[in-house]
Amino acid sequence: MQYWLIKSEPSTWSWQQQLAAPQKTTHWNGVNNALALRHMRLMKKGDLAFFYHSNDGKCIVGIAEITGEFENEPNTKSGWVFVKAKDPLKQSVTLAQIKANPKLKDMVLVNNSRLSVQPVAREEWDEINRMAQ
DNA sequence: GCCAACGTTGGC
DNA sequence: GCCAACGTTGGC
């Protein structure tokens, strides 16, 4: 099982909208970056992902589950996976909190802030869940 | 295959 | 709104 972080601008697609979707499940599309797409291709059913609000929010707001693996969008390099809202975090974890935590200094979110689909290490996953209590 | 010019993301 | 840090495009 692998852990991920997926980003969305809440004005485009928010955690609240994800929760309100039928069965809480949607396509996760609109990704064009090659590295982000490579990460999406590695996603397996049952993997978990932090749902991060970029720009307006700058915080992790919930945990999503990958419910369907990568499908190519015909005639493009892009595609989608299926994502389901699993659990909200008790408390959002902000980018500022993450940056202030020395245990999280190697997080991709800190070092490559523009990457919209990123792997999260197990220890980072656990640490952020602790911070969300 | 290099690299300049341009476009985009996202934190501030 | 600005701009740094990346990515991408396309001429050569």
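Side chains included, hydrogens not; waters and symmetry mates left out as well; all remaining heavy atoms used. Residue numbering restarts at 1 for every chain, and letters A, B, ... go by the order of the sequence lines.
- Between the CD1 atom of A/I128 and the OG atom of A/S92 there is a distance of 12.0 Å, given to the nearest 0.5 Å.
- Here the nucleotide nearest the side chain of A/A34, chosen from B/dG11, C/dT8, B/dT8, is C/dT8.
- Protein atom CG of A/L115 is 18 Å distant from nucleotide atom P of B/dT8, rounded to whole Å.
- For the pair A/R114 CZ and B/dG11 P, the interatomic distance rounds to 11 Å; values are reported in whole Å.
- Aromatic ring orientation, A/F50 versus A/W125: parallel (interplanar angle below 30°, classes split at 30° and 60°).
- Rounded to an integer number of Å, the gap from CD of A/E9 to P of B/dG10 is 7 Å.
- No engagement by A/L35 is indicated, since no non-hydrogen atom pair under 4.0 Å with the nucleic acid exists.
- Taking atom CG of residue A/N112 and atom C1' of nucleotide B/dG10, one finds them 11 Å apart after rounding to whole Å.
- Counting to the nearest Å, the P atom of B/dT9 and the CD atom of A/Q118 are 15 Å from each other.
- Here A/Y52 does not reach the OP1 or OP2 of B/dT9: none of its side-chain N or O atoms lies under 4.0 Å away.
- Backbone-only engagement by A/K7 is indicated by non-hydrogen atom pairs under 4.0 Å involving sugar-phosphate atoms exclusively.
- For the pair A/L37 CG and C/dT8 P, the computed distance is 9 Å after rounding to whole Å.
- Among the nucleotides B/dG10, C/dG7, B/dC12, the one closest to any side-chain atom of A/N33 is C/dG7.
- Spacing between atom CG of A/N32 and atom P of B/dT8 amounts to 10 Å, rounded to whole angstrom units.
- In this entry the distance linking CG of A/N55 with P of C/dC3 reads 17 Å, nearest Å.
- No hydrogens or angles considered: a donor-acceptor pair under 3.5 Å links the side chains of A/E9 and A/N55.
- In summary, the side chains of A/W80 and A/E73 do not present any donor paired with an acceptor at a separation below 3.5 Å, with no hydrogens or angles considered.
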